[in-house]
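Please read these numbers as outputs of a predicted model, since none were measured by experiment.
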Amino acid sequence: MVTGENRNRQCLQEPFVRSLSSYHFHGSSSPFDRRITCLEWHPTHPTTLAAATKGGDILMLNYTNPTKESFFQGNGAGDSIGGMKFCPTDFSKVYLASGEGTLTLKSFEGHPSTLLSRTGDCDHDYHNVCFRFRDLGNHQVSWVLFGSCRSQQRVPAGQCQLTGQTVTEHLEGEPAAVRTLLRRLKGCLGVFQAEAHHTGWIFSDKLHRAKVTHAEFNPRYDWLLATASVDHTVKLWDLRNLKDKKSFLYELPHEKAVNSAYFNPSDCSKLLTTDQNDQIRVYASCDWTKPQQIIQHPHRQFQHLTPIKATWHPIYDLIVAGRYPDDRICTGDEKTIDIFDSNSGELVFQLYDPVASGIKSVNKFSPRGDVIGSGMGVTLLLWDHDESLLGDGQKPQEEMPTSSGLSRGQRRSQQRSSRDRKGSAADAKLKKKLASLEETETKTKTGCTKQKPAQTKRKK
DNA sequence: AATTCATGCTGCC
DNA sequence: TGGCAGCCCTGAAT
């Protein structure tokens, strides 16, 4: 099982983990008026990333080049972005799944957006939609969207009703693969719809007993689909044999609702799940029936926090997750970004900077694995070590204010007039933050406890 | 310093 | 199975 390639990776992982101690807060940007829900790194450009929010705002940012920044304002309440992916055939575009029940292809270069799918009329206000991409080869891509409709009544609450839809995009030519898939799916999924540029199916059956929070294809075996749900389970499905809600391959029961289930990018044989309380689990394909690792990690659910999802490092067997301190689990914690070794389950490093003191719900390593992008409330953060980003390595934190600052003023006033939110205080605050960063920067390194329960740290 | 707002999950009827 | 009260208890603006 341990291939040469694996061994190599493991040898390199150790120096990488050591290098984490030189990581620190690089900068922040907060042009948003609602919490960040999604963060995606550009597939090839190492300093470009996109972030999306609960209000449908989208930001594409190249933090080394402030002029290369695009911001798009969403529709506000309800336009929550549940999933975002760069278009695999054109990196200047992203796919967006919105709580309004739409799937759109959005261009960052001024081209008009394409509406690919809209969930049917169902007397519900919101759809919490998430989606995942699947590559069918031959220029064919397929998306699976899942959503829970929220009934109208009062704004909060509501029973969740799951809908699912597969959208296959006809990118080019006459797609034999699409027809095959169509034949496969048509028989087992309820309503069939066909439109000009896509084909969609609505599942007639619920796949879970409650909201589906996350769905993901295995990058290697594209028929393998993982779904996570608030019904306390993760389910693995074979898309080729999807008949009804009982036709899952495996059901992975959890103690609490589950926020996410990610396959590991290095060999796609493991599944990383994050529940809504204190467990991060690692499952391995050799035995899906029980977790290989249960890591205790406080990240409980709270209504006004973006759900915390642990994610993989692109190369090494490492996991990143934001900590939401919980005295019932461990006292004296800071709101750190934690990095675990997925094989041993050990906490190998914690990132923390008092300048960015909130809970970092969303954390993702860049494709090269040398930068971490974080979503802390409405603020986008970056963590790295000096050398990787800026030639002089002198005052890297100055880079971010410029990069986001240029258009932020205009943008904010736009937002304010349209929605009357997000006052200028944010700007001042950010400036204050960044000013104070200069003093605190040296403290950063020592501010991170390297050992497990971080007991030594005083609370507040 | 105190208040308001945004709006998810669970258990019970 | 659907509706709703009660609870989880942050972060930013006012």
What is the distance, to the nearest angstrom, from the [atom1] atom on [X] to the [atom2] atom on [N]?
X: A:Arg323; N: C:dT10; atom1: CZ; atom2: P; value: 16 Å
X: A:Asp33; N: B:dC5; atom1: CG; atom2: C1'; value: 13 Å
X: A:Asp57; N: C:dA12; atom1: CG; atom2: P; value: 15 Å
X: A:His254; N: B:dC9; atom1: NE2; atom2: P; value: 16 Å
X: A:Ile36; N: C:dG11; atom1: CD1; atom2: P; value: 13 Å
X: A:Lys54; N: B:dC5; atom1: NZ; atom2: P; value: 18 Å
X: A:Lys360; N: C:dT10; atom1: NZ; atom2: P; value: 14 Å
X: A:Glu334; N: C:dT10; atom1: CD; atom2: P; value: 14 Å

For A:Ile308 against A:Thr274, the heavy-atom pair lying closest together: O-CG2, 3.3 Å
Under the ring-ring contact (aromatic ring centres under 6.0 Å, His included) rule, collect the residues that match up with [X], sequence neighbours excluded.
X: A:Phe302; value: A:His304
X: A:His313; value: A:Phe16, A:Tyr316, A:Phe365
X: A:His297; value: A:His299, A:Phe340

Partners meeting side chain to side chain contact (heavy atoms under 4.5 Å, CB included) with A:Ile294 (sequence neighbours left out): A:Gln279, A:Arg281, A:Pro291
Who passes side chain to side chain contact (heavy atoms under 4.5 Å, CB included) against A:Ser229, sequence neighbours left out? A:His208, A:Ala210, A:Asp231
For A:Gly358, answer base if it contacts any base atom (sugar-phosphate contacts may also be present), sugar-phosphate if it contacts only those atoms, and nothing otherwise; contact means non-hydrogen atoms under 4.0 Å. sugar-phosphate
Applying a 4.0 Å non-hydrogen cut-off, can you work out what A:Lys335 is touching in the nucleic acid: base, sugar-phosphate, or nothing? sugar-phosphate
Of the listed B:dT10, C:dG11, B:dT7, the closest approach to the A:Ile359 side chain comes from C:dG11
Side-chain N,O (A:Arg34) to OP1/OP2 (B:dC5) below 4.0 Å: no
Could you go through nucleotides 7-9 of chain C and list every protein N or O atom that sits under 3.5 Å from one of its N or O atoms, giving the distance for each pair?
residue	atom	partner	partner atom	Å
C:dC8	O2	A:Gln303	N	3.2
C:dC8	N3	A:Gln303	OE1	3.1
C:dC8	N4	A:Gln303	OE1	2.7
C:dC9	OP1	A:Arg300	NH1	2.5
C:dC9	OP1	A:Arg328	NH2	3.1

Taking for each residue the nucleotide of DNA chain B bearing the nearest heavy atom, is the 5' side occupied by A:His232 or by A:Arg35? A:Arg35
Heavy atoms from other residues, nucleotides or ligands near CD of A:Glu255 exceed 12 (cutoff 6.0 Å): no
